[in-house]
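Just so you know, these numbers come straight off a predicted model, no measurement behind them. Values below: all heavy atoms of this structure, side chains included; hydrogens, waters and symmetry mates excluded.
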Amino acid sequence: MEMDIDDMCKAKGEEEKAKPIVVILMGAPGSGKSTFCEHIIRSSARPWVRVCQDTINNGKAGTKVQCLTNAVTALKEGKSVFIDRCNLEKEQRVDFVKLGNPQVEVHAVVLDLPAKLCISRSVNRTGHEGNLQGGKAAAVVNRMLQKKELPKLSEGFSRIMFCQNESDVKAALDTYSGFGPLDTLPHGCFGQKKPDTKVQLGIMKFLKKVEAPSNAGSSASSIHGSAASQIIEEKNSCCGGKETASSLSHTAGEEVKGCQDPGVGSTSRNGSSSDGPILAFPSISTADFQFDHEKASDIIIEKVEESMDMLGNAKLVLVDLTRGSKILSLVRAKAAQKNINPKKFFTFVGDITKLYSEGGLRCTVIANAANWRLKPGGGGVNAAIFNAAGPDLEVATKEQAKSLVPGSAVVVPLSSASPLSSKEGVTHVIHVLGPNMNPHRPNCLDGDYVKGCQILQKAYASLFEGFLSIVRAQAKLSQESNEKIKLEPSQSQGHSKDGPRNHSPTGDQKNKRDAVPEHEKSKKYKGSQNEVGGINSLRAGKVNAENDKLDVSTSKAWGSWAQALYHIAMHPERHKDTLLEILDDVVVLNDLYPKAQKHLLVLTRCDGLDCLEDVRKEHLQLLTTMHAIGLKWAEKFLDEDASLVFRLGYHSVPSMRQLHLHVISQDFNSKLLKNKKHWNSFTTAFFRDSVDVIEEISNQGKATLKDEDRLLSMELRCHRCRSAHPNIPRLKSHISNCRAPFPPSLLQNDRLVPAPSNANNP
DNA sequence: GTTCTAGAAC
DNA sequence: GTTCTAGAAC
C-alpha cells in the first residue's frame with residue numbers, strides 16, 4: 001500500500017513543512033502500547049491518530065487492511081499516525097512501513113519490557129474478560145515474544161527507539177510529546193543498550209526460532225527453544241553503535257574547535273574511536289581542590305604508565321578547557337620525557353562535554369571530577385557534565401552509589417536518552433573523587449600531601465580500572481557474539497546474544513525500588529561490578545585507609561549468622577561429623593540448605609579470604625585446588641547418577657563469610673530453593689563459574705564480580721530454555737520437566753560438568 | 001544464610 | 001479464601 005504523495009501535499013495546502021509521520025509501535029500485549037499513544041496524544045501539539053487493530057471495528061477487533069486504510073486517511077489529513085498493534089514480526093509490519101515515502105517518515109518505538117511485566121499487565125487487564133488468565137496470558141506473551149524480530153533501519157524506518165525499562169519509556173514519551181508539527185527528530189537507532197552496560201537485558205537478546213519446539217503449547221513454552229528448535233543468535237547489526245555512529249558523523253561539527261596538543265600524541269579527529277575506546281578525563285583535584293600541580297602531574301603520568309600495558313587498543317586523554325593550562329603542559333612535558341606512547345595517551349584542549357561535537361574526538365567514556373555526594377552543581381567539570389548529561393545521569397548515578405570516598409571512582413552507564421550519549425557518543429561516565437586540599441571544601445587534608453598523594457593515586461587507579469572494566473566487558477561481549485555467529489554461520493537472522501545476562505528489573509519492581517528513600521537505597525547497596533573501590537569495599541569492611549572512620553575490620557562487616565563457614569574452616573576438627581573431606585587447604589561439606597539434589601561446598605581454610613572480591617593472583621593455586629576437589633566430588637556423584645549435570649562456581653557476593661565454591665547439580669530439585677534470590681544466585685551472571693574465575697585471576701589478577709542487586713531480583717527464567725515464569729512454584733514445575741539443551745554459553749569452556757556419557761549432550 | 005509475617009497477588 | 005513475595009529480624 002503506497003501513499004499518494006501528491007494527494008498528501010495538496011491536503012496540507014500552503015502551510016507545508018509540517019510533515020506527518022507514522023510511528024509503528026512494537027511490543028507484546030501488556031507492554032503499554034496503547035497507554036503510550038494515549039499519553040502522547042493528550043500532550044502533543046502535533047495532531048495524532050491512533051490506529052488500533054483491537055478497537056478499529058467500532059470498538060472491536062478489525063483487520064490489518066482497515067488499519068492501513070485509516071492510516072492513509074489520517075496521513076492525507078496531515079495527521080501523524082500511531083500503529084498500535086503488536087507488530088513483533090517483520091512480516092506483520094512490512095505493509096505499515098510502506099506508508100512511508102519521502103514526505104512521511106516511519107519511526108519505530110519498541111516497547112520491550114520484561115516478559116514478566118507484560119504478563120502481569122495482560123493478566124490484570126484481561127482478567128475480567130476471563131479469557132486470558134494466569135498461565136494462559138503467560139503462554140500467549142511468551143509465545144509472541146518467541147517470534148519477535150528486532151526492527152532494523154533497513155526495513156525502512158528512519159528512526160527506531162528501543163525501550164527496555166520504564167525510564168526508556170519515559171524518555172520516548174518525552175521525545176514524542178515534545179515533537180511538534182514542524183519538528184524533526186534525528187534518524188538512527190536509539191535506546192539500544194550498549195553492550196554489557198549491565199543496565200539491560202531485554203531486546204538486545206533477540207531470538208528467532210526456525211521451528212516451534214514440540215512442547216510449545218505449554219504455558220512454559222520455551223523462549224530459547226528446545227533441541228527441536230534451532231536458535232540463531234546474532235548481534236543486531238543496527239544497534240550498539242554502527243548506524244548511530246554514522247548518523248552522528250553526518251552532524252559532527254565541521255568546524256573543529258577542540259584542539260589536540262601537538263606535542264603529545266595525535267589521532268584522527270572524526271571517528272577517532274573507531275580503532276579503540278577512549279577515556280577522556282579531567283585533571284583530578286587540581287582545580288577547586290587546589291592540589292599541587294607538580295605532584296598531580298607526576299601521579300597522572302605514573303598511573304597512566306601503569307595502565308599502558310592493559311589498554312590494548314584503548315586510549316586515555318587528559319582534557320582541559322584552556323590551552324594555557326598548567327597541569328596540561330606539565331603532563332605533556334612529563335609524558336614526552338617518559339616516552340609514553342602518544343597514540344595511547346595524549347592531552348586535549350576542549351570542553352569535556354563536547355569533545356565529539358566540537359572537537360571531533362569521540363570518547364566513549366568520560367571521567368567526572370565529582371563531589372563526595374555525587375550531586376550535580378558546584379561548578380567546573382562536575383556541573384558541566386551533569387548539565388550536559390541531563391537528569392538521566394543523576395538518576396543513573398544514584399542507582400550506582402550515593403556517595404564517594406576520596407580516592408575512589410564509580411562507573412555509571414549513561415542512558416542512551418542522555419544528550420551526552422546521543423550527541424557525543426558517551427556510553428559511561430566515571431565519577432572520581434580526589435583528595436581535597438582546599439580548606440573551604442569538605443574533607444580537607446590540611447596540606448598533608450603524603451595522604452593526598454596516596455588518595456590521588458588511588459583515584460586515578462580506580463578511574464583507569466573502571467575504564468578498563470568497561471573496555472573488557474565490551475570486548476568480551478563482541479567476542480562472544482562473534483563466536484555465536486561462527487557457531488551458526490548459515491543462520492544469522494536472529495538477534496540474540498547469549499551468555500550471562502544482565503536483566504533489567506521489571507518496571508514495577510523498579511518503581512518500588514525508586515520509592516525507597518535515598519538513605520535506604522544506599523544502605524542496601526552492595527556495590528556493583530562497575531563500581532571501583534569506595535562503596536564496594538565498604539561492604540566488605542575494607543575502605544580506603546585514609547578514611548579512618550570507615551575502616552572497620554573485616555569480621556565486623558559480616559553478620560553473626562554469616563560466620564558459620566568461617567568457624568568450620570578455622571576448626572574443621574570440631575565439625576568432623578558434618579564434613580565430607582578435610583584437606584590441608586580446603587574442606588568439603590554438604591550445603592546445609594541444598595538448592596539441588598546435590599549441592600556441596602568446597603571451603604578454603606585460608607584465613608582472611610572471605611569472598612571472591614578478596615581473591616588475587618597469589619590465590620590461583622588455591623582456586624585450582626578448590627576446583628579440582630569440587631570436580632572430584634562432582635564426578636563421584638556422576639558415577640552414582642549419570643543424569644546429573646554439575647556446575648561449579650562462586651557467588652559474586654556471598655552471604656556467608658569464607659570463600660566457598662558451590663558444586664551444584666543443575667536439577668535445582670530442592671524444596672529449599674524457595675525464592676527468587678535463591679534461583680537467581682545460581683542461574684544469572686551473579687554465579688561466577690569457577691573456570692572463568694580462574695581464568696580472570698590468571699589474566700587480570702582479579703575476578704569480575706557481577707554483584708548488582710538487580711541480578712538477584714531479575715525475572716525468573718529457566719536456566720535451560722530461558723523461558724520466563726511468573727513465580728517460583730511455576731518455575732519449579734517448569735524446570736522439573738524442561739529438557740531443553742543448556743544455553744550455548746554454559747556449554748562452553750567446561751562450565752558444565754556432565755557424566756562422561758553425556759558429555760556431548762548434557 | 002533462614003524464619004517470620006504483612007500484604008500483595010491471585 | 002490461599003498463594004506468593006519481599007522486607008525485617010536474627
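- Remark: Lys674(A) is in phosphate contact with dT3(B), judged by side-chain N or O atoms under 4.0 Å from OP1 or OP2.
- Phosphate proximity of dT2(B) to His678(A): present, with a side-chain N or O under 4.0 Å from OP1 or OP2.
- Rounded to an integer number of Å, the gap from Met714(A) CE to dA6(C) C1' is 17 Å.
- Taking side-chain N and O atoms only, Lys595(A) has a distance below 4.0 Å to OP1 or OP2 of dT2(B).
- Defined by atom type and a distance below 3.5 Å, a donor-acceptor pair is missing between the side-chain atoms of Ser665(A) and Gln597(A).
- When rounded to the nearest whole Å, the span between OH of Tyr566(A) and C1' of dG1(B) equals 18 Å.
- Residue Lys676(A) has its side chain nearest to dA6(C) when only dT5(C), dA6(C), dG1(B) are considered.
- Per the geometry, CG belonging to Asn675(A) stands 14 Å off C1' belonging to dA8(C), to the nearest Å.
- Regarding Lys732(A), its NZ atom lies at a distance of 14 Å from the C1' atom of dT5(C), rounded to whole Å.
- Remark: aromatic rings of His599(A) and Phe682(A) are close, center separation under 6.0 Å.
- Using a 4.0 Å cut-off between a side-chain N of Lys or Arg and a carboxylate O of Asp or Glu, Glu38(A) and Arg42(A) do not qualify as a salt bridge.
- Atom CG of Asn727(A) and atom P of dA9(B) are 13 Å apart (whole Å).
- In this structure, Ile728(A) reaches the sugar-phosphate backbone alone: every heavy-atom distance under 4.0 Å involves primed, P, OP1 or OP2 atoms, never a base.
- If you measure from atom CH2 of Trp679(A) to atom P of dC4(C), you get 16 Å, rounded to the nearest angstrom.
- One can place NE2 of His725(A) at 17 Å from C1' of dC4(C), the figure rounded to the nearest angstrom.
- Atom P of nucleotide dT3(B) and atom CH2 of Trp561(A) are separated by 14 Å, given to the nearest angstrom.
- Using modelled atom types, no side-chain atom of Arg688(A) and backbone atom of Tyr650(A) make a donor-acceptor pair closer than 3.5 Å.
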